[in-house]
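A quick write-up on the structure given underneath.
Sequence lines set the chain letters: A, B, ... in the order given, protein chains first and strands last, and positions in each chain run from 1. Quick note: numbers below take in every heavy atom, side chains included, and nothing from hydrogens, waters or symmetry partners.
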Amino acid sequence: MDKHFDHAAHESEIYWLWEENGVFNPDNLPTANNNRPFSIIMPPPNANDPLHIGHAMFVALEDVLIRYHRMIGDDTVWIPGTDHAGIETQFVFEKKLQKEGKSRFNFDRKTLYQMIWDYVQENSGVAIEQMKSLGASADWSRYKFTLDPDVVEKVLDTFEKMHTDGLIYRGRELVNFCTHCGTSYSELEVVHKEQVSPLYYVKYPLAEKPSKFITVATVRPEPIFIDTHLAVNPNDPKRKHLVGQEALNPITGERMPIISDEYVDPEFGTGIVKITPAHDPNDFRVAKKHSLPIREAINTRGKITEAGGKYAGMSVAEARKAVVADLTAAGLIEKIDEKYVNRVGTCYRCGRVIEPLPMAQFFVKVKDSQNNLTEKVLALLDEKKVKIHGAGREKILRHWLDNLYDWNISRQITWGIPIPVWYEIKGYENDIEVGFINDSGEYVYGSLANLLNDYQLSEIKKGLQQVVAAENVPYIISRTEPAAKEYLPETDTFDTWFSSSQWPVLTLKTNKTGDFDRFYPTNVMETAYDILMFWVMRMLLMGVYLTGQAPFRDVYLHGLIRDKKGQKMSKSKGNTINPLSMSETYGTDALRMALIVRSTAGQDKNIDERDFIAMRNFANKIWNASRYIIMRFSQNPQYILYRGQKPTSSDTVGDTNSNFHLQLEEKAWDLSRSLQNLRLGVAADQVYNDFWHWFCDECIEENKAGKLPDEAILDGLITFLKLLHPFMPFVTERVWQELRAAELVSEPLLITTSWPVDIHDQKDNQT
RNA sequence: GAACUCGUAGCUCAGUUGGUUAGAGCGCUUCGUUGACAUCGAAGAGGUCAGAGGUUCGAGUCCUCUCGAGUUCACCA
C-alpha cells in the first residue's frame with residue numbers, strides 16, 4: 001500500500017466496480033428485506049447545468065442515508081432524475097440566440113421547442129456524470145427526465161383529473177407578469193423590494209362643482225386615463241359624504257363615481273383612492289366585489305395600450321413622465337412626496353418590476369370548499385405524518401399554507417409541457433389574439449379576426465407562436481387536435497413546478513411495475529430550504545391530492561453553503577467553490593465529509609478550503625490506520641484467512657479486549673441512532689472523532705504496546721470501515737479491497753456488507 | 001409591523017427529551033521523524049456558553065425581557 005491515499009487513482013475505478021456489480025439497484029440485492037422499503041427521490045438538478053456546491057450537498061447527504069439503509073438491509077432505492085427547468089433553460093437559450101443576433105420571435109413554437117430540446121440533450125449528460133463522480137449510489141436504471149414521454153402523459157392525466165374535479169380552472173385574474181421575461185409567474189416568483197417612489201397628490205375636479213377639487217395620492221399616475229372610480233372608507237367621517245358623488249378624470253374628463261370600501265385606509269395619503277383594477281391587486285379585488293369595469297392600460301410588453309390615446313405605445317416610465325407633465329401643466333398636481341418608500345414586486349429572474357396584468361390563465365384552486373388541499377396538508381403536519389427537519393421551517397410552511405392564493409400554472413414560454421387545451425375559433429375571432437411567423441418569415445401579431453383577412457388559417461397555424469384567448473372563448477382539453485371544429489391550441493406551458501410537484505408520484509408510477517406500491521410514500525425528501533415553498537409545499541399539495549397521502553415522511557432541509565465570511569456564493573462575487581474541482585484536488589470523500597460534518601438541518605454552513613484539507617487528511621488517516629493493520633497481519637503468516645469473526649471472550653487478553661468490543665459496539669449504536677434520527681452532521685462528527693481520537697489515538701497505540709490483540713484491532717477496523725462507508729465511500733471501499741487482497745475479509749464489496757449492529761433487531765424487540 | 005433562526009475557544013461551527021471536569025477543525029505554544037500516517041503524534045494555553053431575570057436539587061440546553069446579526073412574510077394607494 002502507498003504511504004498516502006491517492007484518491008485520483010482509485011475513485012472512478014471504485015465507482016465502476018459498484019456500477020458493474022449493479023449494487024445500486026435494489027432488484028439485484030436479494031438480501032434486502034422487502035418489508036422495509038427505504039426510498040429517496042432525488043431533487044432533479046437542471047439537465048443542462050453543471051453542478052454547484054449545493055448539489056454536492058444533496059448528493060452527500062442523500063447518499064449517506066442511502067448507503068446506510070442499504071447496509072442495514074432495507075429495500076433501498078434512490079431514484080435520480082433531471083429537470084427541464086422551463087424558465088431557467090429557455091432564458092439561457094435565449095441568451096445564446098441573442099449572441100447569434102436572433103430572438104425567440106424568429107421561430108415558431110415547434111421549431112423553438114426542438115432547438116431547446118437539442119440544446120438540452122447536448123448538455124444533459126453533464127449533471128449525471130458529475131453526480132456519479134460525487135459517488136452518488138443512485139439507481140441509474142430508474143433515471144427519469146421531467147420531459148420523458150411517460151412522465152408528460154402522467155402530468156396531463158393530472159391536469160385533466162384536476163380540471164374535472166374543479167381544482168383547476170381557467171379564469172381572468174390579475175397575474176404577476178414580467179414584461180421583460182414575457183411570462184407570468186406565481187406569487188412565489190415575485191420578490192418584493194423596498195424602493196423610493198415619488199407619491200403624487202393629484203387633484204380631481206368634482207363633477208358638480210369643477211372649481212372644487214378632491215386630492216388623491218398615487219405612485220402610479222400613468223394609468224389614470226382608464227380609471228373609472230374613486231373610493232373612500234365608509235367609516236371615514238371626513239370623507240364618507242363624498243360617496244355617491246362624482247369626480248372628473250383629470251386626464252380624460254370622464255365622470256368617476258366615488259364608491260366606498262373598507263379597504264381604503266382613511267389615515268393614508270388623502271384617504272381617497274383611485275381604483276385601477278387592471279393593474280393593482282387590491283383594486284382588482286375591489287372591482288370584482290363592486291362589479292367595476294376592468295380596463296387595461298398596460299400590455300404584456302409593458303407599453304401603454306390603445307386606450308391610452310396620446311400615451312399609447314409609451315413605456316410605463318415614459319407614460320408616467322408624460323402624464324405627470326400634463327397634470328402639472330393643468331395645475332392638477334398638488335404636491336409630490338419625493339421620499340415616499342414603498343415595496344414593489346420584482347421579477348426573481350431579471351429583477352425588473354412585475355406588472356400585475358389581468359389575463360385568462362389556468363389556476364390550481366388550493367382552498368376548494370369540497371377539496372381543500374392546504375387544509376389536508378396542514379392536517380398531515382398536525383398528525384405528524386410528515387415531519388419537517390430544519391430550524392423552524394415548519395412554522396413558515398404553515399404560515400404559507402394558511403395564506404396561499406390559487407396557483408397560477410400558465411407560463412408564456414415554449415420550453416415546457418404544453419397545456420393540452422384547444423380554443424374554438426368560429427364566432428370568437430375577435431376574442432383571440434395570435435402571434436405567428438408568416439410564410440415570409442415575418443412575425444405578425446393581431447386579433448384573429450383581422451389576421452384572417454390577410455392570411456389563411458393554415459398559414460397562421462403553421463407558424464404559430466402565441467395564442468391569447470379571452471376568458472369567454474370555449475375550450476376543450478385534448479392531447480391531439482380535435483377534429484370536430486376549427487381550433488387553435490393553447491400556446492402556454494405548465495409552470496415547471498406543476499410537474500415537479502408530482503415528482504415522487506411520477507417517478508414511481510412511470511418506473512418499474514410495482515415501484516409505486518413498493519416505495520410510496522417515500523421516506524426522506526432532502527433538499528435545500530430555499531425551495532421549501534416552490535417544491536416541497538407543492539409536492540405535499542399534489543401528493544395528497546393524487547394519493548391521499550403525503551409523498552414522504554421526513555423532510556430534511558439542508559442549509560445554504562456560504563463562503564468563509566458567511567457570504568452567499570455567487571458567480572458575480574466570484575466566491576463560488578466548484579465541487580468538482582474540490583473533489584479533484586482533495587478527493588470526493590473529503591468534499592462530502594467537509595460538507596456534512598457538523599452541518600445542521602435548516603442552518604447555513606460556511607465553508608473554506610481548509611475544511612476540505614482537514615477531511616482529506618481524515619481520508620488519509622483511514623488509509624494509514626488500515627495500512628498499519630494490514631502490514632501487521634501480512635507480517636504474521638498465522639493470520640492469513642482470518643475472517644474477521646468476533647473473537648470470543650476466551651481468546652482475549654484480559655479485560656481490555658472485551659471492554660474494547662463493548663465500546664466499539666456502543667459507538668456503532670450511537671452512530672446508528674444519529675443516522676436514524678437524521679442527525680447527519682452529528683453522525684459525521686461522531687464517526688470522525690471515534691475513529692481518529694479513540695480507535696487510532698488510543699486503541700492502535702494500545703495494540704502497539706501489546707495491550708490489545710491483533711484480532712481485536714482488525715475487528716475494530718472492519719467495523720469502522722462500515723461505519724465510515726456512508727460518509728467516505730471511496731477510501732473505505734478501496735481499503736476493503738486491500739483487506740480482501742490480504743485475505744483478511746471475504747465479502748467482495750464493502751458497499752453491500754451488513755451494518756455492524758442490527759438496528760431493526762432492537763426496534764422489533766421493543767414493539 | 002410580524003414570524004422564524006442565530007449570538008458557545010482567536011476564526012468557522014457542533015452540542016437528541018436540562019444531569020458528571022463544555023467539544024471539533026483551523027490557528028497558537030512546547031516537544032517529538034526509534035517505519036501506519038509530518039496529510040502525523042504527545043503535552044498545553046484559550047470559553048463567567050451575548051446580557052439580565054426566572055423555573056429547577058441541577059440550565060449552553062426550558063421561560064420572560066433587553067441588545068446584536070440574518071432570513072422570510074405583510075394590501076396601505
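Rounded to whole Å, the distance from CG on A:L680 to C1' on B:rU16 is 13 Å. Counting to the nearest Å, the C1' atom of B:rC76 and the CG atom of A:D261 are 13 Å from each other. Across the protein-nucleic acid pair, A:Y405 atom OH and B:rC75 atom C1' stand 8 Å apart, rounded to whole Å. Atom pair A:M593:CE and B:rA24:P shows a separation of 15 Å (rounding to whole Å applied). Straight-line distance from the CG atom of A:D685 to the P atom of B:rA22: 17 Å, rounded to whole Å. Between the P atom of B:rG35 and the CD1 atom of A:I700 lies a distance of 17 Å, rounded to the nearest Å. For A:E194 and B:rU72, the CD to P distance is 13 Å, given to the nearest whole Å. The nearest whole Å value for the distance from the CG atom in A:L671 to the P atom in B:rG15 is 16 Å.
Candidate nucleotides B:rG15, B:rC75, B:rC40 were compared by shortest atom distance to the side chain of A:V682, and B:rG15 ranks first. Of the listed nucleotides (B:rA36, B:rU39, B:rA24), B:rU39 has the atom at the smallest distance from the side chain of A:N620. The side chain of A:R343 lies closest to B:rA74 when the candidates are B:rA24, B:rA36, B:rA74. Of the listed nucleotides (B:rC37, B:rA24, B:rA74), B:rA24 has the atom at the smallest distance from the side chain of A:H693.
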Per-nucleotide protein contact string for nucleotides 8-13 of chain B, where B marks a base within reach and S marks sugar-phosphate only (heavy atoms under 4.0 Å, - for neither): ---SSS

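If you check every strand for non-hydrogen atoms under 4.0 Å, A:F5 touches nothing. Nucleic acid contact class of A:W400 (heavy atoms, under 4.0 Å, all strands): sugar-phosphate only. Within the 4.0 angstrom heavy-atom criterion, only backbone atoms of the sugar-phosphate kind lie near A:K395; the bases stay farther away. Within the nucleic acid shown, A:H4 comes within 4.0 Å of at least one base atom, counting heavy atoms only. As judged by a 4.0 angstrom heavy-atom cut-off over every strand, A:N342 is placed among residues touching the sugar-phosphate backbone only. Here A:G345 lies out of heavy-atom contact (under 4.0 Å) with every strand. A:A614 comes within contact range of the sugar-phosphate backbone alone, with a heavy-atom separation under 4.0 Å but no base atom that close. Using a 4.0 Å heavy-atom criterion, one finds that A:R393 contacts no nucleic acid atom at all.
Under a cutoff of 6.0 Å and an axis angle of 45°, A:K704 and A:Y628 form a cation-pi pair. Both tests do not hold together for A:R616 against A:Y586: distance to the six-membered ring centre under 6.0 Å, angle to the ring axis within 45°.
With the nearest nucleotide of RNA chain B identified for both A:D265 and A:I629, A:I629 has the one nearer the 5' end. Map A:M615 and A:K621 each onto its nearest nucleotide of RNA chain B; the residue landing nearer the 5' end is A:M615.
A:Q686 contributes atom CD, which lies 12.0 Å from atom CZ of A:R598 (distance to the nearest 0.5 angstrom). Atoms CD1 and CG, on A:I224 and A:L332 in that order, are 9.0 Å from each other to the nearest 0.5 Å.
To the nearest whole angstrom, the two P atoms, one in B:rU29 and one in B:rU55, are 47 Å apart. B:rA69 sits 11 Å from B:rA50 when the C1' atoms are compared, rounded to a whole Å. Taking the C1' atom of each, B:rA52 and B:rG68 are spaced 15 Å apart, rounded to whole Å. Here the separation of B:rG41 from B:rU56, taken at their P atoms, is 47 Å to the nearest Å. Taking the P atoms as reference points, B:rA2 lies 11 Å from B:rU66, given to the whole Å. Using atom C1' as the reference point in both B:rC63 and B:rG18, the two lie 13 Å apart (nearest Å). When the C1' atom is used for both B:rG25 and B:rC40, the distance is 16 Å, rounded to whole Å. Rounded to whole Å, the separation between the C1' atoms of B:rU33 and B:rC49 comes to 40 Å.
Take A:D563 and apply the salt bridge (charged side-chain N to carboxylate O under 4.0 Å, His left out) test, not counting sequence neighbours, and it matches no residue. Checked against side chain to side chain contact (heavy atoms under 4.5 Å, CB included), A:P293 has the following partners two or more places apart in sequence or in another chain: A:T228, A:H229, A:R295. In this structure, A:E698 has no salt bridge (charged side-chain N to carboxylate O under 4.0 Å, His left out) partners at least two apart in sequence or on a different chain.
Side-chain N/O atoms of A:S184 and A:N176 include no donor and acceptor closer than 3.5 Å.
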Dot-bracket summary - RNA chain B, pairs being Watson-Crick or G-U whose distances fall under 3.5 Å, with | when paired to another strand: ((((((((.[[[[.)...(...]]]].(((((.......))))).....[[[[[..)....]]]]])))))))....

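Using a 4.0 Å cut-off, some side-chain N or O of A:N617 falls inside it from OP1 or OP2 of B:rC40. At the phosphate of B:rA38, OP1 or OP2 sits under 4.0 Å from a side-chain N or O atom of A:K3. For the OP1/OP2 pair of B:rU16 and a distance below 4.0 Å, the side-chain nitrogens and oxygens of A:R679 include no atom meeting the criterion.
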Find every protein N or O atom lying less than 3.5 Å from an N or O atom of nucleotides 29-34 of chain B, and list the pairs.
none

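Here the side chain of A:E189 pairs a donor or acceptor atom with the backbone of A:S186 at under 3.5 angstrom. Under the 3.5 Å distance criterion, the side-chain polar atoms of A:N689 are matched with a main-chain donor or acceptor of A:D685.
A 4.5 Å side-chain heavy-atom check between A:M537 and A:W400 finds at least one atom pair inside the cut-off. Between A:I214 and A:I258, the closest side-chain pair of non-hydrogen atoms falls below 4.5 Å.
Between A:F5 and A:W623, the ring planes are tilted. Angles from 30° to 60° get that label.
On a pure distance criterion of 3.5 Å, a polar donor-acceptor pair joins the side chain of A:R616 and the base of B:rU39. The base of B:rA36 lies close enough to the side chain of A:E701 for a donor and an acceptor atom to sit less than 3.5 Å apart. Judged by distance alone with a 3.5 Å cut-off, a donor-acceptor contact links the side chain of A:K704 to the base of B:rA36.
In this structure, A:Y348 has its ring center closer than 6.0 angstrom to the ring center of A:Y185.
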Verdict with supporting geometry, A:F618 and A:Y688, ring-ring contact (aromatic ring centres under 6.0 Å, His included): CA-CA 8 Å; A:F618 183 52; A:Y688 177 98; 4.5 Å; yes

